[in-house]
Chemist: 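Let me begin by handing over the structure; questions about it come next.
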Amino acid sequence: AQSVAQPEDQVNVAEGNPLTVKCTYSVSGNPYLFWYVQYPNRGLQFLLKYITGDNLVKGSYGFEAEFNKSQTSFHLKKPSALVSDSALYFCAVRVRSSASKIIFGSGTRLSIRP
Amino acid sequence: GAGVSQSPSNKVTEKGKDVELRCDPISGHTALYWYRQSLGQGLEFLIYFQGNSAPDKSGLPSDRFSAERTGGSVSTLTIQRTQQEDSAVYLCASSSQGEYNEQFFGPGTRLTVL
């Protein structure tokens, strides 16, 4: 069975500091991996995805994520946090070559203090 | 607009009444998902349509919930005999063909059951 874990309900970071939002997954095959963001009172938006190739994926708003197959992780990172990055972040996984649905993690609330 | 649209944006109903929520996906998108989100929490998968395949209904919480997708486009989620615990934001998402393609989310329908 597929599953995605976001072990931290909340991450607090000072503006200007680097941030990491953790995601680990468990799938029976090779995954496609996604990050989505939900800003307050706004819809969910796609941030970035890993399909194949370079393990470091760059996305919107200066975010990046690193696919680590041995650790089955796909942590979201940003070198310098902005207050405007404060939002709810979701990791998602889908098994390749399957008709299965996308599975979302439980979400991590990122709070950036000025 | 070219995005996913949902209607109504807000729905207040009395316990025991039936409600219908509508989703218009992006034109040409073959995959359509319904999720439920309570109070800015995680996404609860409800149902997944992919082209002409049988839908994945594994997330529907009870037989009071049903969904259909007509002509491979518009989808309607129906909740019969609503209960207070059905109160949540119902999100629809669509994606183009290709298992690695990201989802585009609608703004959601906020359902309140009194």
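Here is how names work: the chains are called A, B, and so on, in the same order as the sequence lines, proteins then strands, and each is numbered from 1.
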Chemist: Please indicate whether B:Q83 has more than 12 foreign heavy atoms, meaning atoms of other residues, nucleotides or ligands, lying under 6.0 Å from its CD.
Modeler: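 Atom CD in B:Q83 is packed in, count exceeds 12.
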Chemist: Decide whether B:V19 and B:W34 are clustered together by the hydrophobic rule: side chain heavy atoms of Ile, Leu, Val, Met, Phe, Trp, Tyr closer than 4.5 Å, transitively.
Modeler: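 As far as the 4.5 Å side-chain criterion goes, B:W34 and B:V19 are connected within one cluster.
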Chemist: Hydrophobic clustering (ILVMFWY, side-chain heavy atoms < 4.5 Å, transitive) - are B:F65 and B:F49 grouped together?
Modeler: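 Same cluster.
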Chemist: Can A:L19 be reached from A:Y39 by stepping across I, L, V, M, F, W or Y side chains whose heavy atoms are under 4.5 Å apart?
Modeler: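 Same hydrophobic cluster.
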Chemist: If you take all heavy atoms of A:F90 and B:L43, which pair is closest and at what distance?
Modeler: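 Where A:F90 meets B:L43 most closely, the heavy atoms are CE2-N, 4.0 Å.
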Chemist: Select one option (side chain, backbone, both, neither) describing which atoms of B:F45 are under 4.5 Å from chain A's heavy atoms.
Modeler: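 Just its side chain gets close to chain A.
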Chemist: Can you tell me how far apart OH (B:Y100) and CZ (A:F34) are? Round to the nearest 0.5 Å.
Modeler: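 Here the rounded value is 10.5 Å.
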Chemist: Indicate yes or no: at least one non-hydrogen side-chain atom of B:N101 is less than 4.5 angstrom from one of A:K49.
Modeler: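 The answer is yes; the side chains approach within 4.5 Å.
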Chemist: Side chains of A:L88 and B:Q37: does their closest heavy-atom pair fall under 4.5 Å?
Modeler: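 Sidechains of B:Q37 and A:L88: in contact.
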Chemist: Any chain of hydrophobic side-chain contacts (each under 4.5 Å) joining A:W35 to A:Y50?
Modeler: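 Cluster IDs for A:W35 and A:Y50 match.
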Chemist: So, for B:Y35 and A:I102, which heavy atoms are closest and what is the spacing to 0.1 Å?
Modeler: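 Heavy-atom minimum between the residues: OH-O, 4.2 Å.
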Chemist: Kindly work out whether a path of hydrophobic side-chain contacts (I/L/V/M/F/W/Y, heavy atoms less than 4.5 Å apart) joins B:L32 to B:V4.
Modeler: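 Different clusters: B:L32 never reaches B:V4 through Ile, Leu, Val, Met, Phe, Trp or Tyr contacts under 4.5 Å.
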Chemist: Non-hydrogen atoms of chain A under 4.5 Å away: do they reach the side chain of B:Q103, the backbone, both or neither?
Modeler: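 The answer is both parts of B:Q103.
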Chemist: Below 4.5 Å from any heavy atom of chain B, which atoms of A:Y36 appear? Answer side chain, backbone, both or neither.
Modeler: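 Only the side chain of A:Y36 comes within 4.5 Å of chain B.
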Chemist: Contact part of B:S95 toward chain A, heavy-atom cut-off under 4.5 Å: side chain, backbone, both or neither?
Modeler: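 Neither part.
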Chemist: Assess whether atom CD of B:E85 is packed by more than 12 heavy atoms of other residues, nucleotides or ligands within 6.0 Å.
Modeler: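 For B:E85, atom CD is crowded (more than 12 foreign heavy atoms under 6.0 Å).
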